[in-house]
Amino acid sequence: MRILHISYRMPPEPGGKERHTARVAQEQALRGHRVLVALRHGGVPPGVAAVTPPRSRVTRAVARKSDPLAFAMDCARALPRLGPLDVVHLHGDHREALFLGPVARRLGVPLLVTVHGALAMRHRAIMPWAFRHVAGFTALGTRPTADLRSAGVPAHAILTISSGVDLPRLEAFRSRATPEPGLIVSVGSLVPVKNHALTIEAFRRLRAVRPGARLVIVGEGPERARLERLAGAERGVEFTGHLPGDEVYGLVSRAQVFVLSSRRLSSVGEGVPTAALEALALGAAVVVSSDATLDPVVADREAYRVFRSGSADDLLTCLLSVLDGDEARARMTGRARAAVARLDWPLVAARIEDWYGSP
């Protein structure tokens, strides 16, 4: 099978979508497929060929307003010149599908779309038109699935999955980690949707009763200066910036609690956050907002805790119950280990490959 993935960015550019695309492509190459990735920024894993669609005069002008949109237009223009393809797999949404769908249909190649997060529902009116030539969807979690259904996509055309996790690698970190009492870790770009401000507010209240607690926020982004001002002189808050994967895994494996406070915004929202799945595998007690649900991928709701999105009070209550309840925390982490056992990357990649022939 000759497969083309289309993703605006790839690692080492940060982000869960980027890592997901890279790992799916790598696993497919390991399974003997010829895999190409069209990209604007980043690189490709071993065994995968990179495609860099050339810009045109028109797309250079479009890029001044939206380079991802210009990239989709460039990919659509380049598609006929890439030779025979069995699948075009877009990692994006209706904006890219609007340009790629008609070309894929004209070439007789099925277009699959992976929606990694919530859709911008203010564009719902155009989604049926944009998605009209899409053969099938993979949606990372219940939120993107619900958004697709709301946009008129039939249930039979959607496979709800999540990213995979590298279980052998994560288990190695977990097995040699020594948990640090009071260590709370959050991993995610410093952008509004991640709502790190709420985590900082809840931590400030926590320190009043647990003065030895420590919060480490891993990630980089445009909100860093504002978040550092919010943290102010609060002792125990550390911003690491972007860290290599092994350093992140080592840190999370030592944490007692992993927190993700993401919220739904009008134009963006979480799918199933890979960082939270990895934290489950690494042995941290995972606490996520109701807008960062792990449903339906982690069916066992005793494997993690959920607080009401936007509520610092609810987050504080969760943090105290997890930090103060050694037995409850041990039960959580034990159940978490079982919950992620079916999320090893080769298994997830096989499900995606099976879906190629299903829609």
Side-chain angles (χ1 to χ4, degrees), residues 14-16 117-118 141 143 179-243 248 251-252 254-280 282 284-294 301 304-325 328-329 332:
R143 177 74 70 184
E180 180 181 326
L183 175 59
I184 301 166
V185 174
S186 185
V187 179
S189 298
L190 307 186
V191 293
V193 70
K194 297 296 184 181
N195 207 12
H196 290 297
L198 186 81
T199 304
I200 293 169
E201 172 59 28
F203 179 76
R204 179 180 290 112
R205 301 182 195 181
L206 176 70
R207 285 272 295 187
V209 293
R210 293 290 295 264
R214 188 162 74 96
L215 171 64
V216 180
I217 298 175
V218 180
E220 193 55 83
E223 283 222 307
R224 178 159 185 167
R226 184 179 81 87
L227 293 171
E228 288 177 335
R229 288 195 299 271
L230 286 175
E234 182 68 53
R235 297 185 62 186
V237 179
E238 177 186 349
F239 294 88
T240 69
H242 178 70
L243 293 178
V248 176
L251 177 65
V252 175
R254 298 194 305 273
Q256 282 195 310
V257 186
F258 174 92
V259 176
L260 192 62
S261 295
S262 299
R263 56 184 171 169
R264 173 70 187 266
L265 300 178
S266 61
S267 61
V268 66
E270 289 279 10
V272 176
T274 302
L277 297 178
E278 290 176 336
L280 290 173
L282 287 165
V286 172
V287 175
V288 298
S289 79
S290 55
D291 281 340
T293 176
L294 304 184
R301 291 298 296 270
Y304 65 102
R305 298 283 177 85
V306 179
F307 68 93
R308 182 163 50 90
S309 181
S311 173
D313 289 338
D314 280 8
L315 175 52
L316 176 61
T317 298
C318 277
L319 290 175
L320 286 170
S321 68
V322 172
L323 288 170
D324 292 340
R329 190 172 64 250
M332 282 177 66

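One is the number of the first residue; the rest follow in order along the sequence.
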K.L.:
Quickly, which of L282, T240, V187 forms a side-chain contact (heavy atoms from CB on, under 4.5 Å) with V248? Name it, please.
P.N.:
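Checked L282, T240, V187 against V248; only one passes side-chain contact (heavy atoms from CB on, under 4.5 Å): V187.
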
K.L.:
Within a strict 4.5 Å, meaning less than it, do heavy atoms of the K194 and S262 side chains meet?
P.N.:
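SC-SC contact between K194 and S262 confirmed.
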
K.L.:
Please list, chain by chain and in numerical order, all residues satisfying side-chain contact (heavy atoms from CB on, under 4.5 Å) with R204, sequence neighbours excluded.
P.N.:
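Applying side-chain contact (heavy atoms from CB on, under 4.5 Å) to R204 gives I200, E201, E234.
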
K.L.:
Might you point out which heavy atoms bring Y304 and M332 nearest each other, and give the distance in Å?
P.N.:
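What the structure gives for the nearest pair is CA-CE, 3.7 Å.
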
K.L.:
Looking at side-chain heavy atoms only, is the closest gap between L227 and V237 below 4.5 Å?
P.N.:
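Contact flag for L227/V237 side chains = no.
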
K.L.:
Within the side chain of R235, is there an N or O that forms a donor-acceptor pair under 3.5 Å with the backbone of P211?
P.N.:
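Checking the backbone N and O of P211 against the side chain of R235, no donor-acceptor pair under 3.5 Å is found.
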
K.L.:
Looking only at heavy atoms, what is the nearest atom pair of E180 and Q256, with distance?
P.N.:
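That would be O-CG, 3.6 Å.
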
K.L.:
Donor-acceptor pair, R329 side chain versus V322 backbone, under 3.5 Å?
P.N.:
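Side chain of R329 to backbone of V322, a donor-acceptor pair under 3.5 Å: yes, one is there.
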
K.L.:
So, do L198 and F307 sit near enough that their side-chain heavy atoms are less than 4.5 Å apart?
P.N.:
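The answer is yes, as the side chains (C-beta and beyond) meet within the 4.5 Å cut-off.
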
K.L.:
Below 4.5 Å, heavy atoms only, C-beta onward: do L323 and L206 meet side chain to side chain?
P.N.:
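A side-chain contact under 4.5 Å exists here.
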
K.L.:
Among all residues two or more places apart in sequence or in another chain, which pass the side-chain contact (heavy atoms from CB on, under 4.5 Å) test with R226?
P.N.:
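Expected list: A197, E223, R229, L230.
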
K.L.:
Please name all residues satisfying side chain to side chain donor-acceptor pair (under 3.5 Å) with R224, sequence neighbours left out, ordered by chain then number.
P.N.:
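Only E220, E228 meet the side chain to side chain donor-acceptor pair (under 3.5 Å) criterion with R224.
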
K.L.:
For the residue pair S261 and V287, establish whether any side-chain heavy-atom pair is separated by less than 4.5 Å.
P.N.:
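They are not in contact (no side-chain heavy atoms under 4.5 Å apart), so the answer is no.
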
K.L.:
I need the minimum non-hydrogen distance between R207 and G236, along with the two atoms involved.
P.N.:
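Closest approach of R207 to G236: NH1-CA, 4.1 Å.
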
K.L.:
Quick one: does L280's side chain get under 4.5 Å of L294's, heavy atoms only?
P.N.:
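When only atoms from C-beta onward are counted, L294 and L280 do touch, with a gap below 4.5 Å.
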
K.L.:
What residues, two or more places apart in sequence or in another chain, satisfy side chain to side chain donor-acceptor pair (under 3.5 Å) together with S309?
P.N.:
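Scan of S309 (side chain to side chain donor-acceptor pair (under 3.5 Å), adjacent residues dropped) gives D291.
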
K.L.:
With S186, which residues qualify under side chain to side chain donor-acceptor pair (under 3.5 Å), at least two apart?
P.N.:
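So S186 forms no side chain to side chain donor-acceptor pair (under 3.5 Å) with any residue.
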
K.L.:
Once side chain to side chain donor-acceptor pair (under 3.5 Å) is applied, do any residues pair with S290, and if so which ones, sequence neighbours excluded?
P.N.:
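In terms of side chain to side chain donor-acceptor pair (under 3.5 Å), with neighbours along the sequence ignored, S290 is linked to no residue.
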
